[in-house]
Amino acid sequence: YYLAQISLILFNNYQQSYMQIAQMLNMSSRTARRLTIPAQFVTSSTADMKGQKYSDLVDYADNSEKTSDLNNESMNDFLLRLVRWLTVKMNAIILRTIWLR
């Protein structure tokens, strides 16, 4: 869940590419693409119009063949990895700035 949210923030707010997101979050570019593709959220009214029942939606989420927790990790591990990546990027910017003087 956290990786998906951070991926969307990096993609939408910071214009990072799939490859950059994948590198930052230590995942494949395919996974990064999947996380940033706009999801279709189902509201109760649209589910009712389509004839879907709440239990059908919950059963889908419980199906391990269709959902996966492989992209979940502890928030501490994620934040440490993000801070390391940001430190490297900031150091590169600082060095580039010094070099251009």
Side-chain angles (χ1 to χ4, degrees):
Y1 170 80
Y2 294 117
L3 288 177
Q5 294 301 313
I6 295 296
S7 296
L8 285 171
I9 290 168
L10 291 170
F11 185 74
N12 293 322
N13 297 0
Y14 296 98
Q15 289 77 41
Q16 299 295 309
S17 71
Y18 299 122
M19 294 299 289
Q20 290 168 320
I21 293 170
Q23 182 183 15
M24 280 187 269
L25 302 180
N26 193 27
M27 64 177 65
S28 71
S29 60
R30 174 183 274 178
T31 301
R33 262 193 316 276
R34 287 180 182 164
L35 291 175
T36 55
I37 292 173
Q40 292 185 338
F41 295 98
V42 177
T43 64
S44 61
S45 58
T46 57
D48 286 341
M49 289 187 330
K50 294 179 180 178
Q52 294 174 313
K53 297 179 182 162
Y54 177 74
S55 62
D56 295 339
L57 300 173
V58 173
D59 291 343
Y60 179 87
D62 286 338
N63 187 342
S64 62
E65 293 175 8
K66 297 181 180 179
T67 59
S68 173
D69 283 334
L70 294 176
N71 66 338
N72 289 335
E73 67 175 311
S74 76
M75 194 60 172
N76 287 340
D77 291 343
F78 169 73
L79 290 175
L80 284 172
R81 193 168 64 237
L82 184 60
V83 166
R84 284 187 202 119
W85 181 86
L86 289 171
T87 302
V88 168
K89 290 295 182 185
M90 290 305 296
N91 286 339
I93 291 169
I94 291 168
L95 289 174
R96 192 176 316 133
T97 304
I98 292 169
W99 184 75
L100 291 175
R101 285 184 182 177

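Computed from a predicted structure; not experimentally measured.
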Handout entry: Check: Leu80 and Arg84 side chains under 4.5 Å, non-hydrogen atoms
Key = yes
Exercise for the section: Provide the closest heavy-atom pair for Tyr18 versus Ala32 in the form atom of the first, atom of the second, distance. Expected result: O-CB, 3.6 Å
Handout entry: Atom of Arg81, atom of Met24 and distance for their closest heavy-atom approach
Key = NE-O, 3.5 Å
Handout entry: Common cluster, Leu86/Phe11, ILVMFWY with side-chain heavy-atom separation under 4.5 Å
Key = yes
Completion exercise
Only one of Met19, Arg34, Gln23 passes side-chain contact (heavy atoms from CB on, under 4.5 Å) with Ser29, and that residue is Met19
Problem - Partner residues of Ser28 under the side chain to side chain donor-acceptor pair (under 3.5 Å) criterion, sequence neighbours left out - result: Thr31
Exercise for the section: Indicate, with yes or no, if Tyr14 and Met27 share a hydrophobic cluster defined by side-chain heavy-atom contacts under 4.5 Å among Ile, Leu, Val, Met, Phe, Trp and Tyr. Expected result: yes
Exercise for the section: Working to the nearest 0.5 Å, report the span between CD1 of Ile21 and CG of Asn26. Expected result: 14.0 Å
Problem - hydrophobic_cluster_shared for Leu82 and Ile9, side chain cutoff 4.5 Å - result: yes
Problem - Distance in Å, Leu35 CG paired with Leu25 CG, rounded so as to fall on 0.5 Å steps - result: 8.0 Å
